[in-house]
Amino acid sequence: MKKKVATAAIAAMTMTFLAGCSSRGTYAKYLTLGEYKGLSVTKVKTEVTDDDVEAEIESALDENAEYTDVDRAAKDGDQVNIDFDGSIDGEAWDSDTDYDLVIGSEDFQPEFEEHLIGAKAGDTLEFTITLSDDYDGDYAGKDADFKVTVNAVQEINVPELNDDYCKKYTDYDTVDEYRAGVRKELEEYYDETNTETAQNDLLSQILENSKVSGYPQDLYDKCKEEYDANNQILADMFGIDVSDIAGSEDDVKSAVEEMVYTEMLTTAIAEKENITVSDDEYTDYVNSVYEESGYTSAEEYEEDYTKDETVNTILYNKVMDFLMQNATVTEVSEDEYYEEDTEMDEEAYDTEEITENETDAEDLEMTE
């Protein structure tokens, strides 16, 4: 009954591992590299609004909230810790234990959360709700029976945004400095994300310009192993089953082949342009990322990532930078970018419809 994780988040994390399955071999047997310089690409320029900044700050305030057990009935906005069992048509359906739920968050169906209002720690509730018409799967509109035990009721105390909060929880001394810092971080985040999207567009163009006659099976296997490992990390992170991420066999094959082709293209371009990674570049990179990656030292980082893996990532980044520097990059707003995508989709649909009509006409002539 819990909401599914947004696929966009999954896709974004998966893309960060595209450079992770390399053996950095030569792929001339399978790939004839096409034009890769002088291409044109569109890059989105995201405007960070005041609302974006405030939403980010609100989220941080919520993360730093304190939860206090209270001996009273639960009300809207409280967090309750519950065990529950759900069934549909007499068959077990959904259950969990020691689950924290904020009433009013709509993490569950609103009707479910409403039944918890007025409950105290130790109470056991039994009720039936009707799942919404847009509920996932075959359960939309069905009645679900629940037995819920309330283990605790907690009051949520969100800290006040002031200079003292900033000094305690952030790297800034004042609210104004904090807001300015959040805006800068968001701008950098969006710029990095939009740059990656433009880079992937360039890779798609280069792949279209190139001739590919296959790929080494060992490279595919290595990328598949990396793909599966990434999915498991995501599944553990969000507390879901890994099967909910991977998709169909065709989806998996397509995703892994995207990693394979990325490796082949970037390797070929690096070879042709003599792009390499020096020992100093390797050391500088590790020293710059280990802390933000959650490690206390470069040595600890290197225990989890081999030198080959890290060099591969650096080389991938250098090739991407090279492609962007040698492309004509046009910056547009999000509205312009997605309007352009919509127009392209409509043109593709019109072309497909015309082709189908022409085929029907030819079939009719042949019949006559």
Side-chain angles (χ1 to χ4, degrees), residues 8-28 30-46 187-210 212 215 219 222-223 226-227 230 254-290 292-293 305-332 334 337 341:
I10 296 173
M13 177 172 252
T14 301
M15 288 301 292
T16 64
F17 290 90
L18 281 177
C21 59
S22 172
S23 57
R24 285 298 163 198
T26 298
Y27 305 109
Y30 306 95
L31 171 68
T32 301
L33 189 61
E35 187 60 56
Y36 58 90
K37 291 189 287 188
L39 303 178
S40 297
V41 69
T42 301
K43 177 186 171 184
V44 177
K45 184 174 179 60
T46 301
E187 288 172 344
E188 290 175 348
Y189 166 77
Y190 284 122
D191 183 66
E192 181 179 341
T193 301
N194 294 334
T195 297
E196 288 176 0
T197 300
Q199 290 171 346
N200 292 329
D201 287 345
L202 279 177
L203 283 177
S204 295
Q205 290 184 53
I206 298 168
L207 183 59
E208 289 179 5
N209 295 340
S210 304
V212 181
Y215 46 73
L219 176 60
K222 197 168 186 179
C223 289
E226 184 69 30
Y227 178 80
N230 298 341
S254 177
V256 175
E257 284 183 342
E258 184 176 357
M259 299 170 73
V260 168
Y261 294 140
T262 295
E263 153 64 12
M264 292 170 66
L265 289 173
T266 53
T267 297
I269 294 169
E271 290 174 348
K272 195 163 185 178
E273 297 295 335
N274 196 28
I275 299 173
T276 59
V277 177
S278 67
D279 288 341
D280 286 343
E281 286 176 320
Y282 168 80
T283 301
D284 290 343
Y285 178 85
V286 173
N287 288 333
S288 69
V289 302
Y290 78 79
E292 66 185 41
S293 300
Y305 297 95
T306 66
K307 185 172 183 178
D308 283 346
E309 288 174 325
T310 301
V311 166
N312 181 54
T313 298
I314 299 169
L315 190 61
Y316 172 86
N317 292 336
K318 292 183 71 172
V319 170
M320 291 299 101
D321 289 343
F322 172 85
L323 292 177
M324 290 292 284
Q325 291 165 6
N326 286 274
T328 300
V329 181
T330 303
E331 289 192 338
V332 299
E334 288 186 344
Y337 182 83
D341 272 0

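Quick caveat, the model's predicted, so the values are computed rather than measured. We count residues from 1, following the sequence as given.
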Would L31 and T267 count as a side chain to side chain contact (heavy atoms under 4.5 Å, CB included) if you check the C-alpha gap in whole Å, the side-chain angles of each, and the deciding distance to 0.1 Å? CA-CA 11 Å; L31 171 68; T267 297; over 6 Å; no
For the pair N209 and Y36, evaluate side chain to side chain contact (heavy atoms under 4.5 Å, CB included) and give the outcome as yes or no after the intermediate values. CA-CA 8 Å; N209 295 340; Y36 58 90; over 6 Å; no
Would you call K43-D201 a salt bridge at under 4.0 Å N-O?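 Between D201 and K43 there is no salt bridge, as every charged N stays at least 4.0 Å from the carboxylate O atoms.
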Side chain to side chain contact (heavy atoms under 4.5 Å, CB included) between V41 and L39: does it pass, once the steps are laid out? CA-CA 7 Å; V41 69; L39 303 178; over 6 Å; no
Which atom pair, heavy atoms only, marks the closest approach of [X] to [Y]?
X    : Y    : value
T42  : A198 : O-CB, 4.0 Å
L33  : K272 : CD2-CD, 4.2 Å
L203 : L265 : O-CD1, 3.7 Å
Y282 : V277 : N-CG1, 4.3 Å
Y215 : Y30  : N-CD2, 3.5 Å
G34  : S210 : N-OG, 2.8 Å

Going from [atom1] on [X] to [atom2] on [Y], what distance comes out if it is rounded to the nearest 0.5 angstrom?
X    : Y    : atom1 : atom2 : result
E331 : N194 : CD    : CG    : 9.0 Å
T266 : N317 : OG1   : CG    : 10.5 Å
F322 : L202 : CZ    : CG    : 11.5 Å
Y316 : I269 : OH    : CD1   : 10.5 Å

Could you check if a side-chain atom of [X] sits within less than 4.5 angstrom of a side-chain atom of [Y], using non-hydrogen atoms only?
X    : Y    : result
V212 : L207 : yes
Y305 : T313 : no
K45  : Y337 : no
E196 : E192 : yes

Pair listing, salt bridge (Lys or Arg N to Asp or Glu O under 4.0 Å) test, anchored in residues 310-330, at least two apart: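 Qualifying pairs, neighbours excluded: E281-K318.
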For M320 and L323: C-alpha separation, side-chain torsions, deciding distance, then whether side chain to side chain contact (heavy atoms under 4.5 Å, CB included) applies. CA-CA 5 Å; M320 291 299 101; L323 292 177; 3.6 Å; yes
Could you check whether any side-chain N or O of [X] sits under 3.5 Å from a backbone N or O of [Y], counting only pairs where one atom can act as donor and the other as acceptor?
X    : Y    : answer
E35  : Q205 : no
T310 : K307 : no
N230 : E226 : yes

Are side-chain N/O atoms of E334 and Y190 paired as donor and acceptor at under 3.5 Å?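 There is no such pair (donor and acceptor under 3.5 Å, judged by atom type) between the side chains of E334 and Y190.
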